[in-house]
K.L.:
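Have a look at the structure that comes next, please.
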Amino acid sequence: MSAAVLTAAPPRPAHRDPQVLRWLGAYTASTVGDSVYYLALSWAAVSSGSPAQAGLVMAVSAVPRALLLLFGGVIADRLGPRRVVLASDTARCLMTLGLAAVLLATSPGLWLLAAAALVFGAVDAVFLPAVGALPPRIAARDQLARVQGLRGLAYRMGSVLGAPLGGLAVATGGPASAFGAAGALFALSLPLLCALRLRPLPTGEKPPTGEKGEKADGPVLRDLADGLRHLRGHRVLGPLMITILLADLGFVGPLNVGLALLAEQRGWGAPGIGWLLAGFGAGAGAASLLLAVRGGLPRAGTTLGWTMVLGAVAVAALAFAPRLPVAVAVAVAVGLLAGVSGALCHALVQTECDPAYLGRVSAVSSLGSLGLAPLGMPLTGAAAGLWGTGPVFVAGAAVCALSGAFALTVPSLRRAELPR
């Protein structure tokens, strides 16, 4: 009599996993809500004050996000990412609906909008690390690359849908209507997040303190220091954080400030900026789709390094594109290469990191693009005014190339893999 052999069922592909689809739906609703909220805030600020005052209101949320991001990672690790994401979207829902109600009843001054922006930025500082820490708790390790591809598609979809939806809401009922739409989108994410069930951790890995039912106590700074020590001693994560920081410093300023300056100097105008951004978005979306279909890579670290180097060449080439169609084609290449390298960075963070530290590590990986790099945008504009747009693009490309070269020279990072 032959014995029956029981084998574990293979994990579902990410695009068929109900847990991943719930998380993806919640993330998409939250991303669209973000876009609608910022459009509503900018419109309300412009309607209540001068353009300079409106710009100040829009910039206010970046301050608490940059200052509190690392501590947000500690909170995500203490309480668990699902709980933190759920609380963050609840807070954003209540805040935006409250703003809608106030705008319907009266005409608030800029101080209220600035206060709302401060609160929103502080909530973002907690939300963002938790979002980065959640995918490994809902998907198998060999599906994390696909999850990052799907996340990239959701982010692009949120950017594409959010602006016209917010504009339609403002045209229909003013900023109050747009804030109400944003609140409804945040509310849509809540039942999906409540329905998530976290995967059990592999043997030997410890969950965040809050998920064990224990009291999260002890100094916050000690937890933060523990997370930084974990990074410093990790053979892949430590070099990867340096790579991400260099790439963000070289990429964010030139692309956010330089594209507008390039379009103005070449006489392409606002439509030219739109076409360049559309080309970049199309390339990044194609990269996300490619990773969602392809999944893991046997030499992900090597691929990461080379895509950064090639992406740096494409960034420099933007400064020398003679006509708008050529510049758009180059922008597509920049988006494709940056999309691949960015998704690989996120996936490697999630596969290499101990879940107990993932919130803090996600916070460190986001600090460059969300905290430090935006502070360099005024310097980028000043440099472009002194030396022209071309040198700014070339300097940014050199820093991006340095990040890719660094990744290729660190053996442990170069050999890092993403399982399929």
Side-chain angles (χ1 to χ4, degrees), residues 19-45 57-58 60-62 64-65 68-69 72 75-76 79-104 108 112-135 138 150-151 153-170 172-196 359 362 366 370:
Q19 299 297 331
V20 173
L21 294 179
R22 290 188 190 104
W23 172 80
L24 193 65
Y27 180 76
T28 303
S30 186
T31 302
V32 178
D34 270 344
S35 298
V36 174
Y37 160 80
Y38 280 111
L39 190 145
L41 182 67
S42 63
W43 191 269
V57 169
M58 295 301 296
V60 158
S61 62
R65 187 172 57 211
L68 301 176
L69 191 62
I75 293 172
L79 302 181
R82 174 181 170 275
R83 186 180 302 175
V84 172
V85 171
L86 185 57
S88 300
D89 266 355
T90 300
R92 298 200 289 182
C93 173
L94 295 175
M95 191 193 75
T96 49
L97 292 178
L99 271 176
V102 170
L103 286 171
L104 284 174
L112 180 62
L113 298 176
L118 278 171
V119 174
F120 206 89
V123 174
D124 263 356
V126 179
F127 173 80
L128 293 169
V131 165
L134 195 52
I138 60 173
L150 293 171
R151 179 183 176 182
L153 288 173
Y155 179 80
R156 296 298 161 191
M157 185 182 301
S159 301
V160 170
L161 296 178
L165 180 59
L168 178 62
V170 169
T172 303
S177 177
F179 280 123
L185 286 162
F186 292 135
L188 182 60
S189 72
L190 300 181
L192 295 171
L193 291 170
C194 288
L196 283 181
S362 296
S366 301
L370 298 175

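In this chain, numbering begins with 1 at the start of the sequence shown. Scope of the values below: all heavy atoms of this structure, side chains included, with no hydrogens, waters or symmetry mates.
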K.L.:
Working to the nearest 0.5 angstrom, can you tell me the gap between R92 CZ and Y37 OH?
P.N.:
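Between R92 CZ and Y37 OH, I get 9.5 Å after rounding to 0.5 Å.
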K.L.:
In Å and rounded to the nearest 0.5 Å, what is the OG to CG distance from S177 to L103?
P.N.:
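Between atom OG of S177 and atom CG of L103 there are 11.0 Å.
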K.L.:
Between S42 (side chain only) and L39 (backbone N and O only), is there a donor and an acceptor less than 3.5 Å apart?
P.N.:
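Present.
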K.L.:
Using a 3.5 Å distance criterion without hydrogens, assess whether the side chain of S88 forms a donor-acceptor pair with backbone atoms of V84.
P.N.:
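A pair under 3.5 Å: yes.
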K.L.:
Do the rings of F186 and F120 sit parallel, tilted or perpendicular, given the 30° and 60° boundaries?
P.N.:
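Correct class here is tilted.
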K.L.:
Flag the pair M95 / V123 as yes when at least one side-chain heavy-atom distance between them is below 4.5 Å, and no otherwise.
P.N.:
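A side-chain contact is absent here, since even the closest heavy-atom pair is not under 4.5 Å.
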K.L.:
Could you state the interatomic distance from OG1 (T28) to CG (L153), rounded to the nearest 0.5 Å?
P.N.:
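Separation between the atoms: 9.0 Å.
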K.L.:
Considering non-hydrogen atoms only, spot the tightest contact between T90 and L190 and give its length.
P.N.:
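Minimum heavy-atom separation between T90 and L190: OG1-CD2, 3.5 Å.
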K.L.:
Would you say the side-chain atoms of R82 pair up with the backbone N or O of L193, donor to acceptor, closer than 3.5 Å?
P.N.:
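Judged by distance alone, yes, a pair lies under 3.5 Å.
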K.L.:
How long is the gap from CG on D89 to CZ on F127, to the nearest 0.5 Å?
P.N.:
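Going from the CG atom of D89 to the CZ atom of F127 covers 5.0 Å.
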K.L.:
Does any non-hydrogen side-chain atom of L185 lie less than 4.5 Å from one of L165?
P.N.:
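Answer yes - side chains close enough.
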K.L.:
Rounded to the nearest 0.5 Å, how far apart are OG of S366 and CZ of R65?
P.N.:
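The CZ atom of R65 is 10.5 Å from OG of S366, to the nearest 0.5 Å.
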